[in-house]
Amino acid sequence: MKDSFFEKVYQVVAEIPFGRITTYGAIAEYLGSKGASRMVGWALNSTNKFPGTLPAHRVVNRKGLLTGKRHFGGTRVMADLLQSEGIEIKGDQILNFKEKLWLPEDIQ
DNA sequence: AATTTGACGCGGT
DNA sequence: CACCGCGCCAAAT
């Protein structure tokens with residue numbers, strides 16, 4: 001374990017329950033660096049190098065918008081995955097976002 | 001060692 | 001609705 005920011009992000013993302021989602025900001029805050037949500041997104045960028053390792057599609061921005069879908073090789077992949085998990089999506093917006101939201105502090 | 005970058009957040013114009 | 005600037009901070013170059 002490197003305990004690096006990335007590692008922590010990986011851990012948190014890996015704990016996101018099926019059918020739930022969380023936000024960059026929530027993760028950043030949980031990691032003790034509130035406001036450093038950019039780091040989270042960046043960390044997830046590295047995540048792309050480990051396909052299938054993390055459910056990065058369950059991480060969206062604070063509005064529930066799939067802002068990172070473009071990093072999934074296609075613009076519909078992310079939404080598709082989420083919908084497969086029972087999450088309704090309209091455009092880039094997750095419906096019932098608030099209800100599906102999961103926070104690191106609620107970790108299993 | 002310094003600068004750039006980034007899948008964000010938020011208020012302002 | 002579009003665009004802008006600021007804050008935030010670690011990793012990559």
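What you see is a predicted model; the values in this text were computed from it and never measured. A note on names: the letters A, B, ... follow the listed sequences, proteins ahead of strands, and every chain is numbered from 1.
- Contact annotation: the side chain of A/Thr47 never approaches that of A/Val13 to less than 4.5 Å [non-hydrogen atoms, C-beta and beyond].
- Set against C/dC9, C/dA11, B/dC8, the side chain of A/Ala36 has C/dC9 as its closest nucleotide.
- The CE-P distance, from A/Met78 to B/dA7, rounds to 13 Å in whole Å.
- Base engagement by A/Ala56 is indicated by at least one non-hydrogen atom pair under 4.0 Å involving a base atom.
- For the pair A/Lys34 NZ and C/dA10 P, the interatomic distance rounds to 17 Å; values are reported in whole Å.
- Mapped onto DNA chain C by nearest heavy atom, A/Gly35 and A/Ser46 fall at different nucleotides, with A/Gly35 at the one closer to the 5' end.
- The closest donor-acceptor contact from the side chain of A/Glu105 to the backbone of A/Ala26 lies at 3.5 Å or more, if one exists at all.
- Among the protein residues, A/Asn61 comes within range of the sugar-phosphate backbone only, with heavy atoms under 4.0 Å from sugar or phosphate atoms but none that close to a base.
- With C/dC9, B/dA7, C/dG7 as the choices, the nucleotide that has an atom nearest any side-chain atom of A/Arg38 turns out to be C/dG7.
- Note on A/Phe6: only backbone sugar-phosphate atoms sit closer than 4.0 angstrom, heavy atoms only; bases stay farther off.
- B/dC8 atom P lies 11 Å from atom CG of A/Asn45, rounded to whole Å.
- Remark: side-chain polar atoms of A/Arg20 are paired, donor with acceptor, to backbone N or O of A/Leu101 under 3.5 angstrom.
- Distance, A/Ile27 CD1 to C/dA10 P: 16 Å, rounded to whole Å.
- Judged by distance alone, with hydrogens and angles left aside, A/Asn48 brings a side-chain donor or acceptor within reach of the base of B/dA7, the pair sitting under 3.5 Å.
- We find that OH of A/Tyr24 is positioned 17 Å from C1' of C/dC8, with the value rounded to whole Å.
- Residue A/Ser37 places no side-chain N or O under 4.0 Å from the OP1 or OP2 atom of B/dA7.
- Between the C1' atom of C/dA11 and the NZ atom of A/Lys8 lies a distance of 14 Å, rounded to the nearest Å.
- Applying the salt bridge (charged side-chain N to carboxylate O under 4.0 Å, His left out) test to residues at least two apart or on different chains, the pairs with a partner in residues 75-85 of chain A are A/Arg58-A/Glu85, A/Arg76-A/Asp80.
- In this structure, A/Asp92 atom CG and B/dA7 atom P are separated by 15 Å, rounded to whole Å.
- Between the C1' atom of B/dG9 and the CG atom of A/Leu65 lies a distance of 12 Å, rounded to the nearest Å.
- Looking at heavy atoms from C-beta onward, A/Leu44 lies in side-chain contact with A/Tyr24 at the 4.5 angstrom threshold.
- Looking at heavy-atom distances under 4.0 Å, A/Phe5 makes contact with sugar-phosphate atoms alone, never a base.
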